[in-house]
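Note sheet for the following structure.
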Amino acid sequence: MEYKAFLIKYGEIGVKGKNRFRFEDALVTQMHYALDPVGDFKIRKESGRIFAEALGEYDFEEATAALSCVFGISGICPIVVGEDNDLDSITEILLDYMAERYHDLHFTFKVMVRRADKSFPMTSMELAAFLGEKLLERFGDLKVDVHDPDVYVTVEVRDKIYIYTEELPGPGGMPIGTNGKAMLLLSGGIDSPVAGYMISKRGVRLEATYFHAPPYTSERAKQKVVDLARLISKYTGPIHLHIVNFTDIQMAIYEKCPHDELTIIMRRYMMKIAEYFAKENDCLGLVTGESIGQVASQTMQSLYCTDAAATLPVFRPCIGMDKNDIIHLAEKIGTFETSILPYEDCCTIFVAKHPVTKPRLDVIERSEKKLKDCIDDLLKTAIETEEVIFIKACD
Ligand code: ATP
Ligand code: MG
């Protein structure tokens, strides 16, 4: 079966008036982003529908895989398109389609008609009944079931004819760009790419910041984070990845602060730097992959101390998830295999044997005073020497 086009269904709850146009426009933009690497598609909005029509050759599996990464899409219907919308043409296209699509026409069905072209000489009900009759005449094993059919045969009469019987599930969520932008703290681990995916599923565009500590962390570790950013950008759209050299800050913390507080203090400076880039780039929040109790730096007390370092809201979509649930999602979105590559992370290199699990903010802030002679310069240098990489899924 060769499909020339897709009809895209999208969640419409709460999407009314002006918001609806924003929602649809963002969806179209993101569909272009997803389909451009697959082939040449014309995407257009038409009275509550979005159509993607192939203008040339394309791979069906690739196209549906690409569309299934576009947040906001609830269903992907592969459709056949008929150029003429007269009764004979509609009937012929429908019968040909059914014969080609289904080898065994032994099921119950219901014809559904939508008429955008109101000049068509039959009502929707009349046309549905007419086409149902034709199907029964041609295919003897078909039966009508108007309440719970195996197959809904949908026929839309517009300037052209659109026929479909299948709806592949979309990812749901809201189109990227409909809910502002946030800064993801992206490490090479399992959790932060999943956190980025979850936030962007709600329509939030992402930037990302990665802290590395050369020569303690390698080029390969950095490349792994670039790869992870590319993997999630399939869903999130293009990402500006800010890469920050964190070595000198880490060394200073290591030399001057109590070792059991290293991770918390490090994490607080990460927040401050990520927040700087966030504000510079119109992000309205920070996103991390933290989950309560996962490690010492993610107890309620630790999260309290980390939070206090930022003025922007910190979003932690994995906060209530078990590691196994996060892993399942990482597998589903395709980041797991890359996340478990065994390259060193800057946090693990300077980690204390017995980190505090119940840090107190006043104690941590007192420890940070030991950095007062050097930290401003170090932060300034770290910010000024950032490297920015622009990442797109198809690169
Ligand atoms: P992940 O799988 O996301 O690395 P993790 O369990 O290893 O999570 P931590 O290392 O404690 O957790 O980090 C907690 C969060 O802090 C991460 O999810 C990420 O958002 C942020 N983070 C940690 N290390 C870095 C880093 N090197 N660069 C950027 N963000 C980081
Ligand atoms: Mg980590």
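We count ligands from 1, going down the list as the structure has it; atoms in each ligand are counted the same way. Nothing fancy with the numbering, it's 1 onward along the sequence. Scope of the values below: all heavy atoms of this structure, side chains included, with no hydrogens, waters or symmetry mates. Small disclaimer: the values here were computed from a predicted structure and weren't measured.
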With [atom] as the reference point, say which of [options] has the nearest heavy atom.
atom	options	answer
atom 9 (P) of ligand 1	K323, E290, R267	R267
atom 5 (P) of ligand 1	V287, D191, I190, V244	D191
atom 4 (O) of ligand 1	S187, C318, S339, S192	S187

Considering only heavy atoms of [X], which atoms of ligand 1 have at least one such atom less than 4.0 Å away?
X	answer
L186	28 (N), 29 (C), 30 (N)
T288	20 (O)
Y210	27 (N), 28 (N), 29 (C)

- [ ] Report the relative orientation of the aromatic rings in F41 and F6; use parallel for angles under 30°, tilted for 30 to 60°, perpendicular for over 60°.
- [x]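 F41 vs F6 ring planes: tilted.
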- [ ] Take the angle between the ring planes of H240 and F390 and call it parallel below 30°, perpendicular above 60°, tilted in between.
- [x]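 Tilted.
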TODO: Kindly state each residue pair satisfying salt bridge (charged side-chain N to carboxylate O under 4.0 Å, His left out) with at least one member in residues 22-39, sequence neighbours excluded.
DONE: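 Of all non-adjacent pairs touching residues 22-39, those that pass salt bridge (charged side-chain N to carboxylate O under 4.0 Å, His left out) are R20-E24, E24-K45, D25-K45.
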Distance-only N or O hit between ligand 1 and [X], under 3.5 Å:
X	value
T209	no
G289	yes
L185	yes
Q294	yes

- [ ] Kindly say whether A393 contributes a backbone atom to a donor-acceptor pair with the side chain of S233 at under 3.5 angstrom?
- [x]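 The answer is yes, because a donor-acceptor pair under 3.5 Å joins these two groups.
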Task: side chain to side chain contact (heavy atoms under 4.5 Å, CB included) against L136, all qualifying residues, sequence neighbours excluded - done: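 If we apply the side chain to side chain contact (heavy atoms under 4.5 Å, CB included) test to L136, skipping adjacent residues, the hits are F109, L142, V144.
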TODO: Select one of side chain, backbone, both or neither to describe which atoms of T263 lie under 4.0 Å from any atom of ligand 1, heavy atoms only.
DONE: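 For T263, no heavy atom sits under 4.0 Å from ligand 1.
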Open item on the list: Test of understanding: given a 4.0 Å heavy-atom threshold, classify the contact between H212 and ligand 1 as side chain, backbone, both, or neither.
Closed with: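 Near ligand 1, H212 shows nothing, with every heavy atom at 4.0 Å or more.
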Open item on the list: Would Y10 and F71 count as a side chain to side chain contact (heavy atoms under 4.5 Å, CB included) here? Give the steps.
Closed with: CA-CA 9 Å; Y10 46 91; F71 293 136; over 6 Å; no
Open item on the list: Can a side-chain donor-acceptor contact be found between T154 and Y162 if the only test is distance below 3.5 angstrom?
Closed with: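 No, no side-chain donor-acceptor pair sits under 3.5 Å.
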- [ ] Answer yes or no: does atom CD of E46 have more than 12 heavy-atom neighbours from other residues, nucleotides or ligands under 6.0 Å?
- [x]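 Yes, because the 6.0 Å sphere around CD of E46 holds more than 12 heavy atoms from other groups.
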